[in-house]
Amino acid sequence: MVVVMSPDATEEDVAAVVARVEAVGGEANVSKGLTRTIIGLVGDIESFHHLNLRTLRGVADVHRISDPYKLVSRQHHPDRSTVWVGTGRQVPIGPETFTFIAGPCAVETPGQTLEAAQMAQAAGATLLRGGAFKPRTSPYAFQGLGVKGLEILAGVREATGMPVVTEVVDARDVAVVAEHADMLQVGTRNMANFGLLQAVGEAGKPVLLKRGMTATIEEWLMAAEYIARRGNLDVVLCERGIRTFEPATRNTLDISAVPVVQATSHLPVIVDPSHAAGRKDLVVPLARAAMGVGADGVIVDVHPDPESALCDGPQALLGSELRELASAVRRLPAALGRRDASERVREG
Ligand code: PEP
Ligand code: MN
């Protein structure tokens, strides 16, 4: 349920609503918009009805949220959110900026990770990606370096200043991943792993939630709701392609998911053209499409020697493709009214 305050409502009016809701064991999330304050209520709807909130001073309207997800819905929080990553709010991901995230699919060695990070940074990326725990389709494929990989990532953050996003595949590893990383990634294969979603919801770090490869947009938002219900609203959604009948690409990038999600949820949405296509020649065109459709950023694979990569070499960028992507990131989002995330960081 949502309580919409009138434009002239005072702080005391808002506090009175919150106090009433909390008195019956409910949760009240206050969001101050440009013109009015909205209070999202979570808890037993019946008990809220008995409160007669409409009669309180400063209340303009009370209505139910019709979406099945509540905390991540724009009905609950009308303005689109910005999620900040890194110590001291280093990197924004949200509607005003375009965030470029890049790095190796998997952390293999300290040298390879540092080189990939430097390539990413030189191309304009502000956030480093890299997998230490790799959720591979085959149990015989390289599974990642685990905690050793996290230590390498932390060292590379130290060397480059780039905050790190890395995947966690098991609820038992959430604490150690949160200790080393700035943002926790939940991958496509774990989008509906509700125990893991709840654990990352309690980890105190922002979460990058990839869309399940066979998940509808509603199921994806419900997964985000699991994280939000544990008190963590710092969730960034990532469209990474879905399974269709088309074998030409590894997955089919559902580009329309970006504006569909933005219309219904306040959470930022980015695109992973690397895992969508599985082919490096398609990464730049798909990244441009992501910028054009209004995505809040992209996340791409880069590798200093894709031929020798232990994971996803065919989709890793290097050389001319990376330069082409860097140039698109510098020009296109600005032409569409967004600022480069690094520019906003410099301005504070
Ligand atoms: C990844 O980003 O390394 C990854 C495994 O992606 P996805 O979960 O989208 O396959
Ligand atoms: Mn990969």
Side-chain angles (χ1 to χ4, degrees), residues 85 93 99-108 112-113 116-117 120 125 127-139 141-146 149-150 152-153 164-170 173 177 181-193 196-197 200 206-215 217 219-220 223-224 227 235-244 249-255 257-258 269-280 282-283 286-287 290 295 297-303 305-318:
V85 185
I93 308 178
T99 309
F100 180 15
I101 309 169
C105 178
V107 172
E108 298 165 15
Q112 164 261 2
T113 309
L127 190 55
L128 175 66
R129 63 144 291 143
F133 292 94
K134 294 306 301 175
R136 305 305 296 281
T137 302
S138 164
F142 175 58
Q143 304 287 310
L145 298 180
L150 296 176
I152 293 175
L153 282 169
V164 165
V165 54
T166 194
E167 182 161 353
V168 55
V169 298
D170 190 314
D173 297 327
V177 177
D182 302 283
M183 184 179 214
L184 308 182
Q185 178 172 323
V186 174
T188 192
R189 294 162 187 79
N190 269 315
M191 188 213 79
N193 179 340
L196 180 62
L197 296 174
V200 297
V207 176
L208 181 62
L209 178 63
K210 291 196 151 192
R211 179 179 181 181
M213 62 183 92
T214 58
I217 290 172
E219 288 163 345
W220 185 20
I227 302 171
V235 180
V236 174
L237 300 162
C238 178
E239 163 60 41
R240 49 77 71 203
I242 51 174
R243 276 273 164 87
T244 69
T249 47
R250 190 168 161 188
N251 296 282
T252 299
L253 181 64
D254 181 9
I255 200 74
V258 173
V269 192
I270 67 166
V271 167
D272 180 343
S274 306
H275 287 83
R279 290 169 36 181
K280 70 174 181 159
L282 298 180
V283 171
L286 294 181
V298 284
I299 178 167
V300 303
D301 286 7
V302 300
H303 196 288
D305 180 17
E307 304 252 303
S308 74
L310 295 178
C311 182
D312 287 348
Q315 71 196 31
L317 298 187
L318 170 77

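Whatever order the structure lists them in is the order used to number ligands and atoms, beginning at 1.
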Among protein heavy atoms, which sits nearest to [atom], and what does the distance come to when rounded to 0.1 Å?
atom                    : answer
atom 10 (O) of ligand 1 : R240 NH2, 2.8 Å
atom 5 (C) of ligand 1  : E167 OE1, 3.7 Å
atom 4 (C) of ligand 1  : H275 NE2, 3.4 Å
atom 8 (O) of ligand 1  : T188 N, 2.8 Å

Just one of I101, V298, T99 clears the side-chain contact (heavy atoms from CB on, under 4.5 Å) bar with I270, so which one?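 Output: one option passes, namely I101.
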Check each of K280, R250, H303 against D312 using the side-chain hydrogen bond (donor to acceptor under 3.5 Å, both in side chains) test, and report the only one that passes.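 Testing each of K280, R250, H303 against D312, the sole residue satisfying side-chain hydrogen bond (donor to acceptor under 3.5 Å, both in side chains) is R250.
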Check whether any N, O or S atom of D312 sits under 2.8 Å from the Mn ion (ligand 2).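 A backbone or side-chain N, O or S atom of D312 is under 2.8 Å from the Mn ion (ligand 2).
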From the Mn ion (ligand 2) out to just under 2.8 Å, does an N/O/S atom of C311 turn up?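 No, outside the cut-off.
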Which ligand 1 atoms, with their elements, are less than 4.0 angstrom from a heavy-atom of Q185?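 Every atom of ligand 1 under 4.0 Å from some heavy atom of Q185: 1 (C), 2 (O).
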Considering the heavy atoms of G187, write down every atom of ligand 1 situated less than 4.0 Å from one of them.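 Counting from 1, the qualifying ligand atoms are 8 (O).
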Would you say that R129 contacts C105 through its side chain, given a criterion of any heavy-atom pair below 4.5 Å between the two side chains?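 Answer yes - side chains close enough.
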Given side chains that start at C-beta, do those of L237 and W220 come closer than 4.5 Å, heavy atoms only?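 They are in side-chain contact.
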What is the minimum heavy-atom distance between N190 and V186, and which atoms define it?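 Scanning both residues, the minimum pair turns out to be O-CG1, 3.6 Å.
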N/O donor-acceptor pair under 3.5 Å between [X] side chain and [Y] backbone:
X    : Y    : value
T188 : M213 : yes
Q143 : A141 : yes
E239 : V258 : no

With nothing but distance in play, are any N or O atoms of K210 less than 3.5 Å from an N or O of ligand 1?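 Yes, there is a polar N/O contact under 3.5 Å.
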If you stand at the Mn ion (ligand 2) and look out to NE2 of H275 and SG of C105, what angle do those two lines make, to 10°?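 Taking the Mn ion (ligand 2) as the apex, the two atoms subtend 130°.
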Under 4.0 Å, counting heavy atoms only: does R189 come that close to any atom of ligand 1?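 Per 4.0 Å heavy-atom rule, R189 contacts ligand 1.
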Any heavy atom of R211 sitting closer than 4.0 Å to ligand 1?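 So R211 does not count as touching ligand 1.
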